[in-house]
There are 2 protein chains.
Amino acid sequence: MSTGTTRRERRDAAPVGCERHMRADAVRNRERILEAATTLMAVHGIDVPIDEIAERAQVGVGTVYRNFPTKRALFEALLLARITPLVSAARTAAAADEPGEAFVGFVRNLCDEFADFKALADAMVASGVDLSAAKNQISGELIEAVAQLLERAQVSGRIRPDVTISDVSAMMAGLSHTDPMLMDPSQRKRCVALVCDSLLVGARSVLPQCALKQSPPDPVRTGPRSC
Amino acid sequence: MSTGTTRRERRDAAPVGCERHMRADAVRNRERILEAATTLMAVHGIDVPIDEIAERAQVGVGTVYRNFPTKRALFEALLLARITPLVSAARTAAAADEPGEAFVGFVRNLCDEFADFKALADAMVASGVDLSAAKNQISGELIEAVAQLLERAQVSGRIRPDVTISDVSAMMAGLSHTDPMLMDPSQRKRCVALVCDSLLVGARSVLPQCALKQSPPDPVRTGPRSC
DNA sequence: CCATAAGCGGAGCCCACGCTCCGATTCTAC
DNA sequence: GTAGAATCGGAGCGTGGGCTCCGCTTATGG
């Protein structure tokens with residue numbers, strides 16, 4: 001059971017800035033791997049087998065593991081790349097003239113992000129896992145930034161004061177992780193709009209682009225899909 | 001790839017009403033299995049290994065498979081038992097004097113149900129899977145019943161008319177499946193309250209038992225947990 | 001009490017997946 | 001062009017989990 005520890009410290013792989021000299025083909029392969037992993041994890045989340053990533057990258061599994069010591073490491077590398085811009089987006093939004101609108105905009109954007117890259121949602125939902133230091137730091141920054149954004153939006157009087165950052169996190173996680181069959185893009189937009197409505201003070205359906213359409217003529221049985 | 005089909009039709013197991021004569025110990029074992037599976041699937045969802053269920057039931061794996069030809073079959077048997085009362089609850093609620101309140105009450109109850117029996121939420125989220133005829137029928141009935149309940153609640157003027165049954169399904173699925181670390185019982189209650197708020201016409205925080213508490217003194221960083 | 005068939009149980013098959021190992025290959029410096 | 005290091009690739013190991021098989025046990029009807 002203690003083998004897990006030894007394994008991770010075999011080599012630090014993933015040359016970030018040091019690269020004392022990476023062979024040209026190695027660089028190419030690494031990029032291919034990242035590309036393939038991005039594509040596959042966007043659709044299937046973290047459940048993609050490494051073999052599939054390797055195959056798509058036209059590379060052996062060994063090559064994948066030479067670049068990323070662990071499947072999780074690869075996963076986290078991709079996450080980091082996705083989360084970083086979100087942090088600055090949140091900070092920008094917090095500094096906006098109308099923090100209320102900015103908050104709602106950010107939330108919508110966040111959900112789109114989740115939908116575009118399922119692995120992100122996976123990471124959010126599986127909050128129990130122990131993440132690497134880097135990931136923990138960046139996600140802490142995200143939380144912090146969103147919390148500030150939320151606070152300003154509340155001070156501005158646009159967002160209910162009784163809503164907490166935990167509420168927002170939980171709802172985002174929930175909305176982003178549902179099966180695509182039950183939650184296609186337009187359905188997700190509707191749900192996000194509903195949730196936003198519940199966060200706003202007073203007004204309803206304030207999201208112009210995203211306003212809920214009138215329900216269909218026959219409101220009973222909107223679709224025969226399963227529970 | 002085609003072996004999956006042959007396997008399922010090996011024997012129809014699970015004697016429902018016919019039982020031309022079941023040995024006493026067999027009956028006892030079957031009950032034990034159902035009990036163990038219920039307990040374990042409530043906590044761990046569908047991911048419990050069959051071996052664990054067998055162990056808890058103090059029974060061999062073989063015995064489990066003699067009663068339920070497939071892990072999924074066992075899973076669905078439990079689901080059926082859980083969904084059936086929900087259907088009648090929805091019908092009762094639809095006939096209530098105040099369909100609006102009844103609808104909200106039903107939704108809250110539904111979420112509690114999910115929390116008490118994680119496998120139910122798993123089933124809802126994994127809507128893509130092809131379910132057995134029985135399961136499809138009962139979940140169809142659930143949808144139908146909830147749709148009627150929703151319609152009456154809308155007619156009564158308590159629930160927004162632009163909300164559809166799909167919206168409700170999707171939100172329930174989302175809220176019910178989030179990681180318990182991110183969504184503990186009290187957090188879930190808050191979120192359900194928020195969602196209900198967004199479904200109501202006009203009024204906010206109408207749920208007395210479930211009203212949102214004031215946010216904590218320091219709204220920034222409600223917790224150092226991950227993204 | 002016995003014959004017999006219903007039922008039991010768990011060793012073990014098979015497959016999927018994360019990950020390792022090492023001989024073969026390819027790039028690069030000279 | 002060539003030596004030699006860097007890199008590759010994929011066979012294969014270990015684990016875990018669904019499911020089967022079949023010799024053994026036990027309930028049951030006479």
Side-chain angles (χ1 to χ4, degrees), chain A residues 1-15 18-33 36-37 40-41 44-76 119 129, chain B residues 1-15 18-33 36-37 40-41 44-76 122 129:
Chain A
M1 281 303 168
S2 58
T3 38
T5 332
T6 46
R7 178 187 292 148
R8 191 146 306 167
E9 57 203 357
R10 55 177 251 187
R11 201 210 309 190
D12 248 27
C18 56
E19 26 208 291
R20 71 161 173 285
H21 197 67
M22 222 175 155
R23 246 169 64 172
D25 54 344
V27 173
R28 206 170 43 242
N29 281 335
R30 185 186 170 85
E31 267 159 22
R32 274 220 199 108
I33 292 167
L40 292 174
M41 284 194 179
H44 301 105
I46 202 187
D47 289 334
V48 203
I50 287 282
D51 303 37
E52 244 166 70
I53 296 178
E55 190 184 356
R56 185 181 181 102
Q58 291 179 290
V59 142
V61 244
T63 303
V64 175
Y65 281 100
R66 206 166 311 107
N67 279 276
F68 304 92
T70 279
K71 185 184 179 182
R72 171 178 297 277
L74 169 55
F75 176 61
E76 287 187 0
V129 303
Chain B
M1 279 296 180
S2 58
T3 38
T5 330
T6 46
R7 177 186 295 149
R8 192 146 308 167
E9 58 204 356
R10 56 177 250 186
R11 199 215 308 193
D12 248 26
C18 57
E19 27 206 291
R20 72 160 170 285
H21 198 69
M22 220 175 157
R23 246 169 64 173
D25 55 343
V27 174
R28 206 170 45 239
N29 281 334
R30 187 187 169 85
E31 266 159 23
R32 273 221 200 108
I33 292 167
L40 292 175
M41 284 194 179
H44 302 104
I46 202 186
D47 289 334
V48 204
I50 286 283
D51 304 38
E52 244 166 70
I53 295 177
E55 190 183 355
R56 184 180 183 102
Q58 292 178 288
V59 142
V61 246
T63 304
V64 175
Y65 281 101
R66 205 166 313 105
N67 279 277
F68 305 93
T70 280
K71 184 184 179 181
R72 172 178 296 277
L74 169 55
F75 176 60
E76 287 186 1
D122 282 353
V129 303

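Because the structure is predicted, anything quoted here is derived from the model rather than measured. Chain naming here is simple, since letters A, B, ... match the order of the sequence lines and numbering starts at 1 in each.
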TODO: Measure from the side-chain heavy atoms of B:Tyr65 and tell me the nearest of C:dC8, D:dC19, D:dT7.
DONE: D:dC19
Open item on the list: Closest-nucleotide mapping onto DNA chain D: is B:Asp25 or A:Asp25 further toward the 5' terminus? I mean the 5' end.
Closed with: A:Asp25
What pairs with [X] under side-chain contact (heavy atoms from CB on, under 4.5 Å), at least two apart in sequence or on another chain?
X: B:Glu31; result: B:Val27
X: A:Asp25; result: A:Arg23, A:Arg28
X: A:Ala57; result: A:Arg32, A:Ile33, A:Ala36, A:Val59

Open item on the list: What is the separation between atom CD1 on B:Ile33 and atom C1' on C:dC8, rounded to the nearest whole Å?
Closed with: 11 Å
Open item on the list: Does B:Val64 reach a base, just sugar-phosphate, or nothing at all? Heavy atoms under 4.0 Å.
Closed with: nothing
Open item on the list: So A:Ala24, base contact, sugar-phosphate only, or nothing? Heavy-atom distance under 4.0 Å.
Closed with: sugar-phosphate
Mind listing the N/O atom pairs, protein and nucleotides 1-5 of chain C, below 3.5 Å?
none

Tabulate atom names and distances for all N/O pairs under 3.5 angstrom spanning the protein and nucleotides 10-12 of chain D.
residue : atom : partner : partner atom : Å
D:dG10  : O6   : A:Gly62 : N            : 3.3

TODO: Report the C-alpha distance between A:Ile53 and A:Met41 in whole Å, list the side-chain angles of each, state the deciding distance to 0.1 Å, and finish with yes or no for side-chain contact (heavy atoms from CB on, under 4.5 Å).
DONE: CA-CA 9 Å; A:Ile53 296 178; A:Met41 284 194 179; 4.3 Å; yes
TODO: Work out how much the helix from C:dC1-D:dG30 to C:dC30-D:dG1 bends between its end axes, five pairs an end, to the nearest 10 degrees.
DONE: 10°
